[in-house]
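Below you'll find the structure, written out as structure tokens, and then a few comments.
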Amino acid sequence: KLSWIARLKQGLAKTSSNLTTLFIGARIDEDLYDDLEAALLSADAGVEATVYVLDQLKRKVKEEKLTEAEQVKRALKELLIELLLPLQKPFELGRHQPLVMMIAGVNGAGKTTTIGKLAKHLQNHQQSVVLAAGDTFRAAAREQLMVWGERNNITVIAQESGDPAAVAFDAVASAKARGTNVVMVDTAGRLPTQLHLMEELKKIKRVIGKGMDGAPQEVLLVIDGNTGQNALAQVKAFDDALQLTGLIITKLDGTAKGGILAAVAKTRPIPVYFIGVGEQIEDLQAFNAQEFVDALLQ
Ligand code: GDP
């Protein structure tokens, strides 16, 4: 099996190859910048980040009097690292007792998989975890989570029928009573356009706050790294509704383009706590700007 970094590189291979080849034997002229613009746009970097990167790069080339394509490539790399650095923020444990996290996202983004990986990661760091099965729409999802919890020795709070806000409230109460370190509140997948479901998310967040002052301390959005420009719309809508504290970007091992991180950095610089590069527990990794850009532009 490949290392996680190799899988990230594999996932970003197409973007990486597009970006790298345009510098080979290139002259530093408008054609080069046009090619770079096209490559960034097709990597889902979005117009804003693309324009920004090109402007900055041209300025740098001028200021530093760069004459070789290879130097321009290096300058681009530095620029991208600088752009993505504000997204790099370690996920810290032990700040609150319990630390309450709420996790949202559209269906299929990788929410359940990510919650599983994260819960086991926390457990491996001597943190006790309770999960709130907030996906009260799908009985099968609840069952699946309970079976998983039993197998992994993680308490899952669920209700037969019900109000996801009440499940979340119960989970926080249970964690307070038992001294559990971390509460993870799962929520049913939803689209930003489903306004009543977005209202429901706000309610869940409010009710968690009633169970504990200042909770949830973390409100995370899970995004499929293959979503393209629509991912940015998701970030904006969920952030407007919930004031996100962090993002988790999954499936960067597939055929992801990677530019979405640049788009996020330029328009909504919300920390990316983790990236997903596969389905195993070790496939959830802290986001590091340098590592990511190294994989993107080899
Ligand atoms: P949910 O609907 O948001 O809960 O999404 P799931 O957790 O059920 O994930 C949807 C699919 O994506 C499943 O087949 C997962 O195994 C897969 N998946 C989740 N994260 C990753 C990842 O980082 N890499 C890959 N390759 N697949 C992933």
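For the single chain, residues carry numbers from 1 onward in sequence order.
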Distance-minimising heavy-atom pair for [X] and [Y]:
X: I204; Y: P164; result: CD1-CB, 3.8 Å
X: D239; Y: L244; result: OD1-N, 2.9 Å
X: M212; Y: Q97; result: CE-O, 4.0 Å
X: A171; Y: V130; result: O-CG1, 4.0 Å
X: I249; Y: G225; result: CG2-CA, 3.7 Å
X: L83; Y: A262; result: CD2-CB, 3.8 Å

A side-chain contact here means heavy atoms from C-beta on lying under 4.5 Å apart; do [X] and [Y] qualify?
X: V235; Y: I223; value: yes
X: L76; Y: F23; value: yes
X: I270; Y: F238; value: no
X: L87; Y: P269; value: yes
X: L36; Y: L19; value: yes
X: D163; Y: K203; value: yes

Are [Y] and [X] co-members of a hydrophobic cluster defined by side-chain heavy atoms under 4.5 Å apart?
X: V61; Y: L79; result: yes
X: Y33; Y: L80; result: yes
X: L85; Y: V53; result: no
X: L201; Y: L195; result: no
X: F169; Y: V183; result: no

Straight-line distance of [X] [atom1] to [Y] [atom2], nearest 0.5 Å:
X: Q234; Y: N230; atom1: CD; atom2: CG; result: 5.0 Å
X: L40; Y: T15; atom1: CG; atom2: OG1; result: 9.5 Å
X: S3; Y: K9; atom1: OG; atom2: NZ; result: 8.0 Å
X: L54; Y: D34; atom1: CG; atom2: CG; result: 8.5 Å
X: E279; Y: T250; atom1: CD; atom2: OG1; result: 10.0 Å
X: L191; Y: N107; atom1: CG; atom2: CG; result: 7.5 Å

Any donor and acceptor pair, going by atom type alone, linking the side chain of [X] with main-chain N or O of [Y] inside 3.5 Å?
X: S16; Y: L12; answer: no
X: Q126; Y: Q123; answer: no
X: Q88; Y: N288; answer: no
X: Q127; Y: N181; answer: no
X: K236; Y: R268; answer: no
X: D35; Y: A38; answer: no
X: R190; Y: M198; answer: no

What's the verdict on side chain to side chain contact (heavy atoms under 4.5 Å, CB included) for K73 and T20, showing C-alpha distance, side-chain angles and the deciding distance? CA-CA 8 Å; K73 188 173 130 186; T20 309; 3.6 Å; yes
Taking only residues at least two apart or on different chains, which pairs with a member in residues 170-211 satisfy ring pair (Phe, Tyr, Trp, His ring centres under 6.0 Å)? none
I'd like to check the side chain to side chain donor-acceptor pair (under 3.5 Å) partners of [X]; sequence neighbours left out, ordered by chain and number.
X: K117; value: none
X: N152; value: K120
X: N18; value: none
X: Q229; value: none

Working note: K205 + Q243, criterion side chain to side chain contact (heavy atoms under 4.5 Å, CB included); need CA distance, chi angles, decisive distance, verdict. CA-CA 10 Å; K205 188 182 172 199; Q243 293 79 52; 3.4 Å; yes
The side chain to side chain donor-acceptor pair (under 3.5 Å) partner of E63 among R59, K65, K60 is R59
Short N-O contact, [X] and [Y], less than 4.0 angstrom:
X: D135; Y: K111; value: no
X: K202; Y: E199; value: yes
X: E218; Y: R95; value: yes

Please, which pairs that meet salt bridge (charged side-chain N to carboxylate O under 4.0 Å, His left out) have at least one residue in [range], sequence neighbours excluded?
range: residues 168-179; answer: none
range: residues 41-51; answer: none
range: residues 249-261; answer: D224-K251
range: residues 284-297; answer: K77-D294

Which residues pass the ring pair (Phe, Tyr, Trp, His ring centres under 6.0 Å) test with H96, sequence neighbours left out? none
Could you check whether atom [atom1] of [X] has more than 12 heavy atoms from other residues, nucleotides or ligands sitting under 6.0 Å from it?
X: E64; atom1: CD; result: yes
X: N124; atom1: CG; result: yes
X: Q144; atom1: CD; result: no

Hydrophobic cluster mates of I24, side-chain heavy atoms under 4.5 angstrom, ILVMFWY only, any path? none
Connected hydrophobic set around L122, excluding itself, where side chains approach under 4.5 Å: F91, L93, L99, M101, I103, I115, L118, V129, L131, L145, M146, W148, I154, V156, V182, M184, L220, V222, I248, Y273, F274, L284
Check the pair L252 / F292 against side chain to side chain contact (heavy atoms under 4.5 Å, CB included), numbers first and verdict last. CA-CA 10 Å; L252 288 176; F292 190 81; 3.9 Å; yes
